[in-house]
Amino acid sequence: MSCSGSTTCGMVNPKSFDAIDGTPIKYGSPEDYVRKTIKAERSFYAKLVDWIRTLRTFSGTYGPTTLRELRWIGHVGAYVCKDGCHGRGRAFDINRIQWIGEAVDMYSGDHASSDRTRRRRYLAVDACCRRYFKYTLDGWYNAQHTNHIHVDDHTVPILDRGSVSDTAFVQAVCNNFNGAGLRVDGVWGTATQEAFQELNRTWGYGGCDPFSSEVAYAEWCNFVMAHGFADRSASDVGYRSGVCWRWS
Amino acid sequence: MDAADRLSRRAFVRGAALGTVAALAARPWTGGVARAGGPTGAFPALAVGDPVVGIAPFGGGLLAVGGRVGSARAWAAAPGAVAWRPTAGAEAFGVGTTLTAVGGRGPGAVAVGWAETGAGPRMAGFATDDGRGWRALDLPQDGPGIACAVASLDGQTLVVGATFDEPGVREPVRAVGFASDDGVRWRPVEGLPPLRHGSPTLLAAVDAGLLLGISGVAGVGLYLAETVAGPWRAVAAPGLDRPLALLAAAQLGDGVLLAGLDGLDRARYWIGGPEGWRATAAPPPLGRADRVAGLAARRGAVVAAGWMTSGSFVEEVSVR
């Protein structure tokens with residue numbers, strides 16, 4: 001699954017598309033979004049389909065009526081001939097998710113919004129990306145990603161304490177859903193470990209190891225999505241996992 | 001065609017355009033004949049089962065580099081040769097080394113890329129005088145990263161690369177550069193343009209100076225410097241309404257030929273200069289499936305190196 005398996009860019013089995021599972025994708029930025037055909041590796045596109053179906057399900061189930069119908073996805077491209085996953089057609093840069101009534105606007109920096117609801121919804125989308133794509137690079141990762149979320153399928157999506165991207169995401173989740181007050185620095189230290197454990201005790205995630213199991217990490221991301229789209233704190237009833245559940 | 005420039009020829013038909021072909025390094029990636037049409041018999045084939053990622057003037061002839069990830073290779077064509085010859089394999093560069101580009105340096109050449117380590121990729125560079133022996137360059141390291149391109153100007157060589165925030169995430173965050181006047185001692189170069197989510201994909205010496213292309217999904221930037229130390233100034237880049245990567249450039253008389261690939265993986269070409277570009281068709285005999293990774297101007301000819309659906313190629317192109 002590595003994106004560094006070739007010295008030249010290009011795709012083995014490319015797919016051209018201007019919609020993901022029927023949802024249009026629009027290239028550009030606010031005031032300048034245009035529906036355009038793009039290319040990506042077909043297997044990567046299949047993951048985008050899984051991703052968008054999960055996004056629809058969770059936003060529609062847990063979000064308000066304004067998040068019931070997904071209208072289009074804003075992006076700044078997939079394939080471009082450079083080193084890394086973009087050069088293999090296995091990366092996609094998302095800068096807006098538009099529902100019928102609301103949007104998560106990465107381009108405008110919703111991850112740093114003063115409105116907690118917007119931050120939580122950004123994290124819900126972020127979590128949906130992480131269920132399927134590693135690496136997912138968001139606004140907390142570095143300055144290059146403050147206006148979009150990068151997703152690629154370079155490796156298996158499990159949680160990694162050694163990853164700056166994963167750790168910053170966990171820290172932001174702990175802060176926004178459980179008031180952890182962590183510094184989002186991407187370093188998994190004692191405070192982050194304790195905040196992560198406290199978060200999981202609070203919203204009832206347990207009995208699973210997201211650091212070694214794809215399914216367990218996906219379930220953890222489900223907690224983030226459900227609470228994020230519902231705009232609920234970890235202590236509020238949000239999501240019940242049939243796989244990784246700890247009764248408290 | 002000047003016999004001295006005849007390095008080798010394609011092993012397949014390109015119709016009348018074959019008259020312009022001067023060099024070839026093509027073979028399918030998995031064996032067999034490279035393209036439809038089959039060998040003409042008039043042109044000796046050179047068996048290259050690996051991608052070719054760059055080409056540079058070299059001791060009166062040409063040097064090409066490529067190979068697969070972790071297994072670098074080099075080929076040379078001396079003046080008057082009728083075929084390319086392999087000059088170095090993985091043993092010359094070290095197993096785990098991958099090459100991304102090559103540039104001429106005096107009578108020799110410098111190839112760059114990365115070496116995979118337990119802590120992720122590290123920039124790597126090698127210098128050669130004969131194409132067979134390669135000396136590892138002592139490039140200063142700044143964490144995970146790769147060297148992307150190399151070019152020489154006025155006796156000085158510049159290597160540009162990109163660093164990553166963590167070993168597994170190959171999303172460039174900073175452009176880095178190293179310059180040398182002797183090929184032995186390398187000093188960091190400050191003032192390279194910021195990456196803004198792109199990666200250096202082109203560095204070429206043209207009459208106006210060094211041309212640096214930084215390509216990413218959000219746009220492409222083209223920069224010019226009159227010395228390896230800069231300063232770099234943004235110049236007009238070809239306009240396109242979708243992602244674009246600029247990959248190669250070569251001086252042609254008064255103009256520059258620029259080659260790239262758009263977001264739909266289509267080859268694009270322009271002729272012009274830092275003041276402006278006009279789109280042009282693929283220079284014959286290149287076709288729609290050919291993707292140019294490197295260009296080298298040689299004795300008034302322009303030789304392109306790159307890859308296609310079923311193999312790689314090195315050949316002279318005609319630019320009108």
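Just so it is clear: chains get the letters A, B, ... in the order the sequence lines come, proteins before strands, and each one is counted from 1.
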Exercise for the section: For side chain to side chain contact (heavy atoms under 4.5 Å, CB included), just list the numbers for B:Leu244 and A:Val80, CA-CA rounded to whole Å, side-chain angles, deciding distance to a tenth of an Å, and then say yes or no. Expected result: CA-CA 6 Å; B:Leu244 167 70; A:Val80 67; 5.9 Å; no
Handout entry: Heavy-atom check, side chain of B:Trp307 versus side chain of A:Cys9, under 4.5 Å
Key = yes
Practice task
Please look at A:Lys36 and chain B and tell me whether the side chain, the backbone, both or neither of the residue comes under 4.5 angstrom of a heavy atom of that chain.
Solution key: side chain
Problem - Distance-minimising heavy-atom pair for B:Pro51 and A:Thr8 - result: CB-CG2, 3.8 Å
Handout entry: Greater than 12 external heavy atoms within 6.0 Å of A:Phe17's CZ
Key = yes
Exercise for the section: Go through A:His86, A:His145, A:Met11 and name the one with the most non-hydrogen pairs under 4.5 angstrom from chain B. Expected result: A:His86
Handout entry: B:Arg288 CZ: over 12 foreign heavy atoms closer than 6.0 Å
Key = no
Problem - Part of A:His75 within contact of chain B (heavy atom distance under 4.5 Å) - result: neither
Problem - Under 4.5 Å from a heavy atom of chain B, the part of A:Ser29 involved - result: neither
Completion exercise
When the 4.5 angstrom heavy-atom criterion is applied to A:Ala78 and chain B, the contacting part is backbone
Problem - Among the listed options B:Thr201, B:Thr98, B:Leu261, B:Asp165, the residue most often paired with chain A at heavy-atom distances under 4.5 Å - result: B:Asp165
Handout entry: Interatomic distance, B:Leu246 atom CG to A:Lys82 atom NZ [nearest 0.5 angstrom]
Key = 13.5 Å
Problem - Non-hydrogen side-chain atoms of A:Thr7 and B:Val53 separated by less than 4.5 Å - result: yes
Handout entry: Heavy-atom side-chain proximity of B:Leu247 to A:Cys81 below 4.5 angstrom
Key = yes
Handout entry: For the student: nearest non-hydrogen atoms of A:Thr37 and B:Leu264, plus distance
Key = O-CD2, 3.6 Å
Fill in the blank from the handout: If one checks every heavy atom of A:Tyr79 against chain B at 4.5 Å, the contacting part turns out to be both
Handout entry: Leading residue by heavy atom contact count with chain A [cutoff under 4.5 Å; candidates B:Gly306, B:Gly216, B:Ala162]
Key = B:Gly216
Handout entry: A:Arg183, CZ: over 12 other non-hydrogen atoms inside 6.0 angstrom
Key = no
Handout entry: Contact check, side chains of B:Glu171 and A:Gln144, non-hydrogen atoms, under 4.5 Å
Key = no
Exercise for the section: Evaluate the side-chain proximity of B:Arg170 to A:Cys85: yes if any heavy-atom separation is below 4.5 Å, no if none is. Expected result: no
Exercise for the section: Determine whether the side chains of B:Glu166 and A:Ser165 contain a donor N or O and an acceptor N or O closer than 3.5 Å. Expected result: no
Exercise for the section: Find the one option among A:Ile38, A:Val34, A:Val164, A:Asp83 whose heavy-atom pairs under 4.5 Å with chain B are most numerous. Expected result: A:Asp83
